[in-house]
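In each ligand, atom 1 is the first atom listed, and ligand 1 is the first ligand listed. What you see below is based on every heavy atom in this structure, not just the backbone, and it leaves out hydrogens, waters and symmetry mates.
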Amino acid sequence: MIEWYNWRRGIIAGAEPNPAHLTLAQHPELMQITQNVDDLLERAGCAKESVIHLHGTITHDRCHARCGFQAPVDLQHPPELRPCPMCGARLRPAVVWFGETLPQYPWQRAEQLCQQADCLLVIGTSATVYPAAGLIHLTRASGGKVVVINTQPSEASALAEVELIGPCSHWLPRLLS
Ligand SMILES: [Zn+2]
């Protein structure tokens with residue numbers, strides 16, 4: 001399995017932020033809550049503190065036994081499976097696997113932000129993966145507006161005040177400039 005992650009790491013290392021990433025990075029007042037495990041928002045220029053990775057980050061390894069050890073990996077030359085230097089358990093990519101609960105702090109922070117948000121931009125998601133999709137309901141229930149950008153109608157459509165159909169690389173520069 002580590003080979004698959006390391007293959008993905010190589011692809012991410014070679015990827016460039018797209019116009020949507022770059023547009024978001026030009027707005028430091030916006031907080032980003034992402035299900036993506038890559039670091040393209042950060043590489044586009046978003047501050048680390050303003051990006052919440054709900055499903056973890058492939059750019060790091062962490063201790064599978066949750067002793068607290070975490071370390072960045074070189075995406076171009078990712079390491080093979082190796083033991084945790086702190087407790088001897090196995091290290092693994094710091095991503096959330098299917099069936100695992102989301103990391104606690106990012107999730108709580110995301111809930112808090114979605115409750116307080118005047119407006120939530122829901123970008124490029126089918127909104128079918130829970131609990132992340134529940135954040136849209138949270139903003140609506142708290143009186144915030146929901147704007148959905150997606151290439152096709154989705155589960156989020158019914159919650160949208162405004163829905164923009166098309167690629168986010170098309171809509172975001174127009175919406176936020
Ligand atoms: Zn450990």
Is it true that R9 and D61 have a side-chain N and a carboxylate O under 4.0 angstrom from each other? yes
Which angle, to 10 degrees, forms at the Zn ion (ligand 1) with SG of C84 on one side and SG of C87 on the other? 110°
Give, rounded to 10 degrees, the angle between SG (C63) and SG (C67) as seen from the Zn ion (ligand 1). 110°
Check the side chains of H27 and Q32 for a donor-acceptor pair under 3.5 angstrom, ignoring hydrogens and angles. no
So for atom CZ, which belongs to R82, do other residues, nucleotides or ligands contribute more than 12 heavy atoms lying within a distance under 6.0 Å? yes
Above 12 or not: heavy atoms from other molecules or residues under 6.0 Å from CD of Q104? no
Of the backbone and side-chain N, O or S atoms of H64, does one lie nearer to the Zn ion (ligand 1) than 2.8 Å? no
